[in-house]
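Written out below as structure tokens is the structure these notes cover.
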Amino acid sequence: TRDDARKIREKVTGKVFSLDRALEPSLSAYLTLLDVPSEDPQWGGLDPPQRRQRTLDGVKRLLLRESQVQPILVMFEDLHWIDAETQVLLDSLVESLPSARLLLLVNYRPEYQHGWGSKTYYRQLRIDPLPPESAEELLQALLGNDASLLPLKHLLIEQTEGNPFFLEESVRTLIETQVLTGERGAYRLLKPVEGLEIPASAKAILAARIDRLAPEDKRLLQAASVIGKDVPFTLLQAIGDEGEDRLRQGLGQLQAGEFLYEARLFPDLEYTFKHALTHDVSYQSLLHDRRRDLHRRIMQAIERLAPERLAEHVERLAHHAFHGEVWDQAPTHLRQAGAKAFARSANREAVAYFEQALAALSHLPQSRVTIEQAIDLRFDLRASLFALMDLKKAFGYIREAEQLARSIGDQHRLARAFVYTSHHFLLSGDARQARTLSQSAHDIAESLGDLPLQVVANLYSGATCIAVGNLAQAREHLEKTLQLLPGALRRERFALHSFPAALVGHYLCWALAELGEFDAAIARGRDAVQVAESVDHVYSVAVAHWGLAYAYVQRGELDSALHLLERTMALCRDWTVPILLQISTGLHGIAIARSGRVAEGISILREAFRGYEEAIGTGNYHTLQVLWLGEAYALGHQYKDAMDAARQALELSRQFNHTVFEGWALRLLGEIELQAGPHSIATAEDHFRQALALGEKLGMRPLAARCHADMAAVAGAPRPKSSSRRQRICTAKWV
């Protein structure tokens with residue numbers, strides 16, 4: 001209840017802690033980490049990146065708050081196995097260490113990389129293999145100082161090269177094979193050293209030690225390895241064939257042999273492997289059929305032991321179902337695990353689960369149901385890969401989904417595939433192809449009368465119409481999208497990366513500004529911003545801000561645009577939204593350049609251009625940024641660079657059918673040619689006429705007005721008196 005919501009039950013120790021009131025804003029994040037449902041509706045409405053960021057911030061705040069109460073030590077072991085989310089937490093925590101009474105200790109193998117080395121408060125203690133004198137000290141502690149042991153010690157040091165784990169395991173092997181007798185620190189040699197053969201690796205030693213176990217103990221260790229590195233007693237008992245007394249006896253033997261350790265006694269007994277290599281060798285020693293059978297039994301045991309907490313164990317269920325080859329259940333568990341990872345913005349982990357789910361599906365007989373599942377999994381993969389900006393791989397999955405939908409005549413899923421493919425082409429490919437696909441999706445949505453599909457189809461039909469220059473039709477589609485979203489529907493996502501009510505503002509502002517309807521553009525932009533901010537959705541806020549800022553820039557209200565864009569870029573940096581950061585940075589750059597700070601604007605535009613190419617490549621916004629960069633160069637009288645950028649913008653606009661940009665690129669080329677001198681007037685005039693024709697054809701009144709002014713400038717410009725060799729050389733040199 002809300003009366004005791006300030007208390008969180010800590011699952012590991014069973015204790016109850018009171019949450020400091022300063023941390024209450026993070027309560028939903030803590031509950032989610034503990035797989036406890038949160039009753040906060042605002043938390044449920046957050047986007048995965050927002051929940052992820054608030055969770056990371058909450059964990060850090062919890063540690064820092066505790067460090068104000070007392071000095072604390074935080075330890076992370078084996079960072080070479082770290083997951084991406086924990087790495088982000090560590091990187092953030094490291095930045096806060098100088099002002100906190102907190103000591104962070106980590107260990108890792110040499111292959112792990114981090115960015116903390118330059119910190120003045122970071123110190124690395126490298127643990128190399130033991131030098132001979134230290135290895136001798138370790139062996140003396142293990143074996144004793146009997147004179148007969150000296151040749152053995154030299155042999156062990158030479159064979160293990162001072163690796164302490166290898167040394168320990170070698171000594172234990174010699175004890176088990178009765179080469180040594182006695183007790184720790186007081187062993188005697190029973191066999192001559194000359195006849196001994198020390199295995200060449202710790203892995204070989206472990207394999208031999210496992211083989212020497214009693215059969216029932218070996219089976220128990222292998223079963224534990226299939227459960228995982230951490231082994232709950234109840235789960236081991238559930239899949240075992242022995243009674244509790246025999247099970248405890250076997251675990252005692254494995255502890256005595258230092259294969260396993262007790263890791264936790266309360267609230268539930270749990271064991272862990274002494275070393276990851278011990279776990280790996282144990283697992284690999286199993287035959288395939290036995291391993292598969294154990295995975296199946298573990299999955300069934302989890303379902304039996306915790307039927308009301310299956311969501312909490314979905315990752316384990318997915319792992320054991322897949323490796324147990326339970327093909328009828330594996331796809332469901334894996335997709336649930338992927339959705340859980342996606343919900344916390346762990347997108348790489350989500351991709352791995354979804355791809356395993358596809359692999360599991362391939363083992364089932366093909367039917368309409370399995371094909372539908374395969375299509376939906378590809379849609380899931382597209383969402384995670386889009387968040388990772390892996391557009392090429394996402395596009396491949398959507399194309400496969402499209403083919404599968406065609407094969408079963410599933411019009412609904414086919415239309416969704418068209419929408420996603422259209423969006424891909426809009427971002428990184430052919431605008432005309434994007435338009436064709438969005439129109440196909442729109443036609444299907446209308447024929448089915450499916451509201452969610454109509455919303456997204458109209459939205460992307462409008463977006464693609466802008467790129468190809470059908471501005472009036474773009475406005476119709478986008479206004480229709482708003483009509484489909486009355487009242488509460490404005491706060492629905494419809495399975496998109498942004499709320500349509502906010503995203504439609506992004507595109508509608510763009511279309512209306514190109515048509516010269518600035519008042520309407522700004523009004524629509526403000527409505528979109530209001531919706532986005534009311535749902536507190538970062539991506540939606542950023543896209544709505546961009547649309548409104550674009551209208552301000554095109555109208556010449558640069559101060560309003562700059563204020564909005566600075567907020568947007570800060571938001572994108574804080575919440576790691578790369579694509580929107582790059583396109584907002586580009587718009588910010590041209591606004592800066594037009595405001596008179598040309599050199600600064602050029603620098604910002606170059607940064608945005610590089611960032612967009614790295615994140616996305618070519619596409620809709622890329623062409624726009626090239627165009628803006630050319631304009632900024634022209635404002636700075638860097639005409640050679642301006643000409644190169646303008647020509648590239650024209651080439652890209654024609655290559656990708658970005659007709660709107662083509663008109664502006666032609667006009668920019670004319671302006672640059674006009675500055676070149678009298679001998680370029682004819683060329684400039686030709687560019688202006690082409691741009692004017694496009695502007696009038698497309699209804700782009702701002703472009704047409706600029707072209708009319710440019711034509712007037714051409715009419716009043718001085719004409720060349722001759723075509724002397726000197727003038728031709730000067731013109732050629734400038735270009």
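- In this structure, His114 and Trp116 have parallel ring planes: the angle between them is below the 30° cut-off, well short of the 60° mark.
- Between His279 and Tyr283, the angle of the ring planes stays under 30°, which puts this pair in the parallel group of the 30/60° scheme.
- Using cut-offs of 30° and 60° on the angle between ring planes, the pair Phe233 and Tyr271 is tilted.
- A search for salt bridge (charged side-chain N to carboxylate O under 4.0 Å, His left out) contacts involving Glu349 returns Arg344, not counting sequence neighbours.
- Evaluation of the side chain to side chain donor-acceptor pair (under 3.5 Å) test over residues 218-227, restricted to residues two or more places apart or in two chains, returns Asp211-Lys218, Gln222-Ser285.
- Using modelled atom types and a 3.5 Å distance limit, the side chains of Arg51 and Thr32 yield no donor-acceptor pair.
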Enumerate donor-acceptor pairs with a distance under 3.5 Å from any side-chain N or O in residues 353-364 to protein atoms, sequence neighbours excluded.
unit_1 : atom_1 : unit_2 : atom_2 : d
Glu355 : OE2    : Lys393 : NZ     : 3.0
Glu355 : OE2    : Tyr397 : OH     : 2.8
Ser362 : OG     : Ala359 : O      : 2.5

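- A donor-acceptor contact under 3.5 angstrom links the side chains of Gln70 and Glu66, judged on distance only.
- The environment of CG in Leu105 is crowded: more than 12 heavy-atom neighbours from other residues, nucleotides or ligands sit within 6.0 Å.
- Checked by atom type, the side-chain pair Asp245/Gln249 shows no donor-acceptor distance below 3.5 Å.
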Walk me through it: do His320 and Glu303 pass the test side chain to side chain donor-acceptor pair (under 3.5 Å)? CA-CA 11 Å; His320 293 299; Glu303 292 174 332; over 6 Å; no
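- The cationic atom of Arg382 (NZ for Lys, CZ for Arg) lies less than 6.0 Å from the six-membered ring centre of Phe386 and within 45° of the ring axis.
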